[in-house]
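What follows is a single structure, written as structure tokens, with notes after it.
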Protein chains: 2
Amino acid sequence: MNKTATTDLIANFIQSAIDASTEGFAELQRSALAEMFSCVPSQINYVLSTRFSPERGFSVESRRGGGGYIRIAKVHESARESVMNALDSLGDAADATAAETTLRNLSESGVLDKLTARMMIAATGNSALKSLEGEQRDQIRASILKHMLVSYVSE
Amino acid sequence: MNKTATTDLIANFIQSAIDASTEGFAELQRSALAEMFSCVPSQINYVLSTRFSPERGFSVESRRGGGGYIRIAKVHESARESVMNALDSLGDAADATAAETTLRNLSESGVLDKLTARMMIAATGNSALKSLEGEQRDQIRASILKHMLVSYVSE
DNA sequence: GCTTTTATAGTCAGGAATGGTCAAAAACAA
DNA sequence: TTGTTTTTGACCATTCCTGACTATAAAAGC
């Protein structure tokens, strides 16, 4: 079998901690986490910045020194608001990674269900647009994505 | 003795892995496969693009970096047929009307829910593709549609 | 109080571990 | 021979992991 990246294990652990909490946030110690997963402390920062970023709907606060901690909370935003923010942050052109990131974020924040997000990722992937090149490809991609998102929030 | 092409051996292996899985998809590592079949890693990409393409009813997702993988999924059997028929009748190019008609039909036959169909119509409308012209526009439209539909009916 | 020590966390650049693309060579089929 | 499919390798892109260095807060000593 294939080995799961440590980063994913840590992310799962943190997510579970948030889910299990009654306050809606997890308060953890960086060094303790690093010890638990046998990694260097800075990997925790990597996990936080790639998996619990503001774009993904999380807020992270921390404190250094004795008794220091990291607090990770899920931020709630209305679906419509999230989509509007996503639309705002998209320019006139978007590469495949940008489109996918946007969609994954919407999916993870519960705005789009997984299947829908995956369909949209397929629609905006390089494979679907492979006969286009460079700037034009990225422009069309952005256009398609925007049209889909607008359609999504238009009753 | 007649020697079977390595590509076919790899394709068979992947197919078996999908069939044997309970989740309906196989998650494999490119480098491990290459090692297993004593070929260069890029041959795996060749196998994927010639044997597990959307046209053949598969969707492929992957991730790079440590713990990276390739996930190959086969479409849902039930929805597959109507989608494949739709794709067959569309061909390599489709105008906006043809795309929309196809999607409305799929929506009415219950393969797609209304919202999803509407988003797909938005993605393939002339408005979304306005910077393209003529035959190219219709080809891209067909490609996008194909990728969305196959993705949608994949496991 | 002020300074020093200790206990945390943060940043960043680079190395390692994956997968992707493309074009050319080789093998095969018609 | 000629056209297609397979095989290969050089180069690229992305994600993860690590360690040296930095920053901040609390506690201890004065």
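Predicted model, so just to flag it, every value in this text is computed and none were measured. Reminder, nothing fancy here: chain letters follow the sequence lines and each chain counts from 1.
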A/Glu35 atom CD is separated from D/dT18 atom P, nearest whole Å, by 14 Å
The ring pair (Phe, Tyr, Trp, His ring centres under 6.0 Å) partners of A/Phe37 (sequence neighbours excluded) come to A/Phe13
Residues at least two apart in sequence or cross-chain that pass ring pair (Phe, Tyr, Trp, His ring centres under 6.0 Å) with A/Phe25, listed by chain then number, are none
A/Ile72 atom CD1 is separated from C/dA9 atom P, nearest whole Å, by 11 Å
Counting the atoms with a prime plus P, OP1 and OP2 as sugar-phosphate, which does A/Thr6 contact under 4.0 Å by heavy atoms, base, sugar-phosphate, or nothing?
sugar-phosphate
So salt bridge (Lys or Arg N to Asp or Glu O under 4.0 Å) across residues 20-29 of chain A, not counting sequence neighbours, yields A/Glu27-A/Arg71
In terms of heavy-atom contacts, A/Gly24 and A/Ser21 come closest through N-OG, 3.1 Å
When we call it a touch if two heavy atoms are under 4.0 Å apart, what does B/Arg71 touch: a base, just sugar-phosphate, or nothing?
nothing
The correct set of residues in residues 89-106 of chain A placing a heavy atom under 4.0 Å from DNA chain D is A/Thr97
Sorted by number, residues from residues 39-47 of chain A placing a heavy atom under 4.0 Å from DNA chain D are A/Cys39, A/Val40, A/Ser42, A/Gln43, A/Tyr46
For B/Arg64, the salt bridge (charged side-chain N to carboxylate O under 4.0 Å, His left out) test, sequence neighbours excluded, returns none
Base-paired stretches in DNA chain D with three or more consecutive Watson-Crick or G-U pairs, both distances under 3.5 Å, amount to C:1-30 with D:1-30
d(A/Ile72 CD1, A/Ile14 CD1) to nearest 0.5 Å is 4.5 Å
Applying salt bridge (charged side-chain N to carboxylate O under 4.0 Å, His left out) to A/Glu35 and not counting sequence neighbours gives none
So salt bridge (Lys or Arg N to Asp or Glu O under 4.0 Å) across residues 39-55 of chain A, not counting sequence neighbours, yields A/Asp8-A/Arg51
Taken to the nearest whole Å, CD/A/Glu61 to P/D/dA25 is 13 Å
Residue set satisfying ring pair (Phe, Tyr, Trp, His ring centres under 6.0 Å) with B/Tyr46, at least two apart, ordered chain then number -> none
Each nucleotide N or O in nucleotides 6-8 of chain C that has a protein N or O under 3.5 Å away: list the pair and distance.
from  : atom 1 : to      : atom 2 : distance (Å)
C/dT8 : OP1    : A/Gly67 : N      : 3.4
C/dT8 : O4'    : A/Gly65 : O      : 3.0
C/dT8 : O2     : A/Gly65 : N      : 3.1

Contacts satisfying salt bridge (Lys or Arg N to Asp or Glu O under 4.0 Å) that involve residues 103-113 of chain A (not counting sequence neighbours) are A/Arg56-A/Glu108, A/Glu100-A/Arg104
